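Remember, it's a predicted structure, so these values are computed and weren't measured experimentally.
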Amino acid sequence: MSWKDTYQSWMERVDLEPGLKKELDQLAGEDTDLEEAFYAPMEFGTAGMRGVMGPGINRMNIYTVRQATEGLANFMDELDEKTKQQGVAISFDSRYHSKEFAHEAAHVLGAHHIPSFVFDDMRPTPELSFTVRHLHTYAGIMITASHNPKQYNGYKIYGPDGGQMPPVDSDKITAYIRKVTDIFDVPVADEHELRQNGLLTLIGENVDEAYLAKVKTITINPDLIKEYGADMKLIYTPLHGTGKVLGNRALQNAGFNDFTMVPEQATADPEFITTPFPNPEFPQTFDLAIKLGKKQNADLLVATDPDADRLGAAVRRPNGEYQLLTGNQMAALMLNYIVTARQENGTLPKNAVAVKSIVSSELATKIAEAHGVGMVNVLTGFKFIADQIQHYETTHEHTFVFGFEESYGYLVKPFVRDKDAIQGIVMLAEIAAYYRKQGKTLYDGLQDLFAKYGYYAEKTISKDFPGVDGKAEMANLMTKFREERPTDFAGQEVTALEDFEKQVTTFADGTSRKIALPVSNVLKYQLKDGTWIAIRPSGTEPKIKFYVGTVGSDNAIAQKKVADFEKAIDKFIEA
């Protein structure tokens, strides 16, 4: 069927959900928007699905949510009855339709006699990951578009270990989803009947308490917090999202009593009225926190994105201004403190290992090596860090002590198998207390790391490819880099090209070596001066991301190198 045929079939439905019908009527004559909404089904990958809300097969709505859940339910129907009856935990964020989508998913599962455990209100993504493990459910569903603007929503599936479904299982689920050809014909059960039959259970405070009890265990030095952290001034903003449910309680439980939530952003608001891009990577999200921080002379400002899996921070400089930390800088501070403090109190395992993504900073590797801790690189996506944790728990080959991605995602303890900003808030506050004891700030602590290990600088550059042709344009650009093979960037020779799709590293002298990681459409160039440049299409958005990581003898040199390499990337794209 053409997009026009699919669109017409929606227009002809007399039982179309009224809100979607109204939106569809408003789109009449807007062929570009209609084609984008109807030209192809939403893609469901290893990170689930994410997109603009509205009518259409390529939009987030109750019908595409039902279709995705029907795929999961059909997959679970093949399990033995005992495993199937473990059920599915479901959580959701503060976005429009999130609670509705969560309950629609439960209704589809209930039609298959699969129990669901649905939170009574919004909860963070990391708590959903914890809940799968805590309640021993077979799967989890998180309704969220994470840090995207208000027009978006999304759907993520978690496996029995609490991590996002691994590629093998997610591919099977995707195949089942594609078999659901009539998304209007997915059976749904009545909520009242499901509640009466015990197939839909509401959960809430009991799970919150269990999760917060675990978060309390990440503190390494309670005496330090008691002496230097209790009256340390903190500013926290949940950016209108789920962090407000648990973030303040986690800080209080750890002993941090002098903190203030940014009042304008402490409201769960699906409009994200104070910040159209609720992403703690963006400086604008900190405007209100910085204003309040200056008023209170706060030591640390922290922000969580709407589903509280990503953490951003700003630290006070000697001149009283606040500087935003990058995801890599926060990770370096966390890893350095964790291994240093655990060595001092004798709790650092001899086989300790940290895990990071292949596009994250090498500063963390240097820190790990200096403390005798291993560093393992995995593909981008926190599920790959979760896979490593599971592997180590099975083989006892290593003991996990920290995991991170440059995109502001961190995990201190593995009772969660996804990035966890609630853990991150507590750990970063403890680190601030650690430097306060020395008469320093977190900014000073970062400068100490640079002075010791080198001035590392990184940048992520996103190129957007919206619309119907976006996917093809992204594929063409990846092909250009793969086949034309630049031999240098900004005058620095490419010494090796790691092609994770072909699973081979090719060196400048023509020799090669196999890459022992799963297949992924990623290219990573190693340059003569130690710089690396990586390229990968986003798994959830129509964009290609370019990553630059370099090091210099001082910050100015490192930043200039980043700027030069960014220009070189643009030059190659335009050639």
Less than 4.5 Å apart, side chain to side chain, heavy atoms only: is that true for Pro276 and Gln284? yes

With side-chain contact (heavy atoms from CB on, under 4.5 Å) as the criterion, how do Tyr455 and Ile557 come out once you've worked through the C-alpha distance, each side chain's angles and the decisive distance to 0.1 Å? CA-CA 9 Å; Tyr455 286 81; Ile557 289 172; over 6 Å; no

Are Glu458 and Val548 close enough that some pair of their side-chain heavy atoms sits under 4.5 Å apart? no

Taking the side chain as everything from C-beta on, heavy atoms only, tell me whether Tyr158 gets closer than 4.5 Å to Asp418. yes

Could you tell me if Gln526 and Thr495 have a donor-acceptor pair between their side chains, going purely by distance under 3.5 Å? no

Distance under 6.0 Å and angle within 45° of the ring axis: does Lys413 meet both against Phe415? no

Measure across Pro518 and Phe384 and return the closest heavy-atom pair with its distance rounded to 0.1 Å. CG-CE2, 4.3 Å

Taking all atoms of both residues into account, what is the closest heavy-atom pair of Arg310 and Ser407, and its distance? NH1-O, 3.3 Å

Check for me whether the distance between the ring centres of Tyr392 and Phe400 falls short of 6.0 Å. no

Check whether any side-chain heavy atom of Thr365 sits under 4.5 Å from a side-chain heavy atom of Leu363, and report yes or no. no

Ion pair Arg317/Glu321, N-O distance below 4.0 Å: no

For Arg59, which residues count as a salt bridge (Lys or Arg N to Asp or Glu O under 4.0 Å) partner, sequence neighbours excluded? Glu36

Is a donor from one side chain sitting under 3.5 angstrom from an acceptor on the other, for Arg50 and Asn148? yes

Would you indicate whether the side-chain heavy atoms of His147 and Pro278 approach each other to under 4.5 Å? no

With a cut-off of 6.0 Å (strictly less than), are more than 12 heavy atoms of other residues, nucleotides or ligands near CZ of Arg178? yes

Reported CG-to-CD1 distance for the pair Leu523 and Ile544, which is rounded to 0.5 angstrom: 9.5 Å

Show me the side-chain donor-acceptor pairs of residues 562-572 shorter than 3.5 Å, one per line, residues at least two apart or across chains.
residue: Asp564; atom: OD2; partner: Lys560; partner atom: NZ; Å: 2.9
residue: Glu566; atom: OE1; partner: Lys459; partner atom: NZ; Å: 2.8
residue: Asp570; atom: OD1; partner: Lys463; partner atom: NZ; Å: 2.7

Please assess Phe92 against Tyr155 for the test ring-ring contact (aromatic ring centres under 6.0 Å, His included), listing each intermediate value before the final yes or no. CA-CA 9 Å; Phe92 54 92; Tyr155 181 110; over 10 Å; no

Between the CG atom in Asn328 and the OG1 atom in Thr460, the distance rounded to the nearest 0.5 Å is 7.5 Å

Taking all non-hydrogen atoms of both residues, which atom of Leu27 and which atom of Pro55 are closest, and how far apart? CD1-CG, 4.2 Å

Audit row: Tyr410, Phe404, ring-ring contact (aromatic ring centres under 6.0 Å, His included) steps and yes/no: CA-CA 4 Å; Tyr410 323 95; Phe404 79 98; 7.1 Å; no

Is there a side-chain contact between Ile173 and Met76 (heavy atoms, below 4.5 Å)? no

Taking the six-membered ring for Trp and the single ring otherwise, decide whether the centroids of Phe38 and Trp10 are under 6.0 Å apart. yes

Decide if atom CD of Gln151 counts as having more than 12 heavy atoms of other residues, nucleotides or ligands within a radius under 6.0 Å. yes

What's the verdict on side chain to side chain donor-acceptor pair (under 3.5 Å) for Asn153 and Ser98, showing C-alpha distance, side-chain angles and the deciding distance? CA-CA 7 Å; Asn153 215 322; Ser98 285; 3.0 Å; yes

Can a donor-acceptor pair be found between the side chains of Thr174 and Asp171 at a distance below 3.5 Å? no

Of all heavy-atom pairs linking His240 and Thr275, the shortest is CD2-CG2, 4.2 Å

Taking the basic N atoms (NZ, or NE/NH1/NH2) and the acidic carboxylate oxygens, is any pair closer than 4.0 Å for Arg133 and Asp161? no

Nearest heavy atoms of Val504 and Ser512, plus distance in Å: CG2-CB, 3.8 Å

Before accepting this row, confirm whether a basic side-chain N of the pair Glu393/Arg417 lies closer than 4.0 Å to the acidic partner's carboxylate O. yes

Got a second to check how far Arg513's CZ is from Glu498's CD, nearest 0.5 Å? 7.5 Å

Tell me, with the steps shown, if Thr6 and Tyr39 meet side-chain contact (heavy atoms from CB on, under 4.5 Å). CA-CA 8 Å; Thr6 306; Tyr39 82 98; over 6 Å; no

CA sep, side-chain torsions, deciding dist, call: Tyr96, Tyr152, side-chain contact (heavy atoms from CB on, under 4.5 Å): CA-CA 9 Å; Tyr96 285 117; Tyr152 287 78; over 6 Å; no

Lys4/Glu35 ion pair, N-O < 4.0 Å: no

Donor-acceptor pair between Asp93 and Thr242 side chains, under 3.5 angstrom: no

Apply salt bridge (Lys or Arg N to Asp or Glu O under 4.0 Å) to Asp529 and list each qualifying residue two or more places apart in sequence or on a separate chain. Lys561

Given the rule in the side-chain contact (heavy atoms from CB on, under 4.5 Å) test, do Asp499 and Arg482 qualify, once you have shown the distances and angles that lead to the verdict? CA-CA 8 Å; Asp499 189 330; Arg482 187 169 269 117; 2.8 Å; yes

Are any of the side-chain heavy atoms of Val494 and Thr487 separated by less than 4.5 Å? no

Side chains of Thr237 and Gln265: is there a donor and an acceptor less than 3.5 Å apart? yes

Where the side chain of Thr395 meets the backbone of His391, is there a donor-acceptor pair that is under 3.5 Å apart? yes

May I ask you to check whether Tyr525 and Phe489 place their ring centers less than 6.0 Å from one another? yes

Between Asn351 and Thr399, is a side chain to side chain donor-acceptor pair (under 3.5 Å) present by the stated rule, with each step listed? CA-CA 6 Å; Asn351 62 350; Thr399 301; 2.9 Å; yes

Hey, are the side chains of Val551 and Glu362 touching, using non-hydrogen atoms and a 4.5 Å cut-off? no

Evaluate Lys356 against Asn377 for side chain to side chain donor-acceptor pair (under 3.5 Å), listing each step before the verdict. CA-CA 5 Å; Lys356 72 177 185 69; Asn377 287 284; 2.7 Å; yes

For the pair Asn476 and Thr479, evaluate side chain to side chain donor-acceptor pair (under 3.5 Å) and give the outcome as yes or no after the intermediate values. CA-CA 5 Å; Asn476 290 338; Thr479 299; 5.3 Å; no

Presence of salt bridge, Lys471 and Glu43, under 4.0 angstrom: yes

Shortest non-hydrogen contact from Leu333 toward Leu446: CD2-N, 3.8 Å

